[in-house]
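Report on one structure; see the data block that follows.
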Amino acid sequence: MKKIVLTGAGGSIGTVLRAHFADTGRPLTITDIRELSGVRSSETAVVGDLSDAAFTRALLQDADAVIHMAGVSTNKSFEEILPHNIVALNNLYVAAREQGVRRVIFASSNHATGMYTTNTTLTPQVVFNPDSYYGLSKVFGEALARMFWEKHEVESVCLRIGSFLQKPTSPRHLSTWLSFPDLCALVDASLVDEQLGFEIVYGVSANIRKYWDNSSSRVAYTPTDNAETFLADIERGGIKLTDIEARYQGGDYVADDFGR
Ligand code: 15L
């Protein structure tokens, strides 16, 4: 793939991916709603708002793939989520179709299935079970991605990202942690030349307590890190989960406004 566009390039995942692309000598078009700093010679930076359809259309001109990491990344109100995770995402897919973009790598989230209990192992084919308006916006995104593949032949890999952190700090992360190197491996595996069509894969490291089984996904992703390595540090940190956080995979997103 020649022209690759990274949205949300100023965010935590974007920053790690930019370094990874630079280390592996690949050019990248980077975009964010805020000014981008430390732009490398291998990067082309464009600042703008993806909820502006004209901006998004121009951004994707001649692009082969988009790594879409932009959007609201925590649990917020429906009104706050709407422009970034629904309107902007639709603009992105409409523009991808118009501009002949081959594949979108979409930052979905484990919160699309966060209401499943922690004693359940999920595959990418499981029925949606969002835990929040944030998780619901990712369900919309995955459904949009599916429609654009089935109807318009825009490929998508939906990454149901777990807890993307340098190190796991909470007992929940023993299951949900996604390390920086594993995220890079996951994105590389999603950018292969062979056709992937519409795929979902959980973004999780090789944690022995993980809730998610990716063996049925066509994305050839082999994580190497394991949160268990940090067990002693996590125990020393003393974070205690509430009953609800411990019962449901989505943790505190489930606990927020839980009313049953
Ligand atoms: C996510 O999808 C969020 O973007 C991140 O802020 C964390 O909450 C993460 O999930 C998680 O589940 O730990």
Side-chain angles (χ1 to χ4, degrees), residues 6-17 32-33 50 67-78 80-82 84-86 88-89 105-118 120-122 124 126 128-142 145 157-180 182-183 186-187 190 200-207 209-212 214 223 225-228 230 233-234 237 239-242 244-258:
L6 171 67
T7 74
S12 59
I13 296 183
T15 302
V16 168
L17 283 176
D32 204 284
I33 201 164
L50 299 170
I67 307 168
H68 181 55
M69 297 290 152
V72 171
S73 63
T74 53
N75 193 19
K76 294 254 165 63
S77 70
F78 180 65
E80 288 168 288
I81 284 170
L82 187 62
H84 304 291
N85 292 19
I86 308 287
L89 190 68
I105 317 296
F106 166 54
S108 183
S109 168
N110 73 93
H111 295 286
T113 56
M115 288 305 301
Y116 284 103
T117 52
T118 50
T120 323
T121 299
L122 307 181
V126 74
F128 295 124
N129 203 350
D131 57 23
S132 52
Y133 277 106
Y134 169 73
L136 190 58
S137 76
K138 298 303 183 181
V139 172
F140 171 81
E142 291 190 12
V157 180
C158 302
L159 311 179
R160 287 188 182 157
I161 297 171
S163 304
F164 175 75
L165 297 163
Q166 195 147 31
K167 287 179 185 174
T169 55
S170 143
R172 176 172 175 268
H173 299 156
L174 289 166
S175 305
T176 61
W177 185 50
L178 173 62
S179 73
F180 290 6
D182 284 339
L183 177 273
L186 179 60
V187 169
S190 304
I200 298 171
V201 57
Y202 280 93
V204 65
S205 283
N207 310 324
R209 304 190 206 195
K210 65 181 186 295
Y211 307 135
W212 310 310
N214 280 326
D225 290 317
N226 180 355
E228 218 63 26
F230 298 92
D233 289 348
I234 292 171
I239 295 178
K240 295 265 181 287
L241 301 181
T242 64
I244 294 169
E245 288 168 354
R247 191 174 329 136
Y248 293 97
Q249 295 189 5
D252 57 345
Y253 284 53
V254 176
D256 181 32
D257 199 29
F258 188 83

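In each ligand, atom 1 is the first atom listed, and ligand 1 is the first ligand listed.
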Note to self: Checking side-chain polar atoms at under 3.5 Å, does Ser205 have a donor or acceptor matched by the opposite partner on Asp225?
What the structure shows: no

Is the closest heavy atom of Phe164 to ligand 1 under 4.0 Å?
no

In terms of heavy-atom contacts, Val187 and Leu159 come closest through CG2-CD1, 4.2 Å

Examine ligand 1 and decide if any of its atoms is less than 4.0 Å from a heavy atom belonging to Arg172. yes

One should read off an interatomic distance between Phe180 CZ and Gln166 CD, to the nearest 0.5 angstrom, of 4.5 Å

If you compare Ser132, Gly251, Ser163 by their heavy atoms, the one closest to atom 13 (O) of ligand 1 turns out to be Ser163

### Message
Taking only non-hydrogen atoms of Asn110, do any sit less than 4.0 angstrom from ligand 1?
### Response
yes

| message | What I want to know is whether His111 and ligand 1 share at least one N or O pair that is separated by under 3.5 angstrom. | response | yes

**Item:** Steps toward side-chain hydrogen bond (donor to acceptor under 3.5 Å, both in side chains) verdict (Thr15, Ser12)
**Value:** CA-CA 5 Å; Thr15 302; Ser12 59; over 6 Å; no

Note: ligand 1 atoms sitting under 4.0 Å from heavy atoms of Gly162 are 9 (C), 10 (O), 11 (C)

When rounded to the nearest 0.5 Å, the distance separating CD of Gln249 from NE2 of His111 is 10.5 Å

Only residue of Thr176, Thr121, Asn207, Val126 satisfying side-chain contact (heavy atoms from CB on, under 4.5 Å) with Trp212 is Thr176

The atoms of ligand 1 lying under 4.0 Å from a heavy atom of Ser109, numbered in the order shown, are 1 (C), 2 (O)

Residue, atom and distance of the protein heavy atom nearest atom 7 (C) of ligand 1 read Tyr253 OH, 3.9 Å

d(Asp257 CG, Asn75 CG) to nearest 0.5 Å is 9.0 Å

- Could you tell me whether Ser73 and ligand 1 have an N or O pair separated by under 3.5 Å? yes

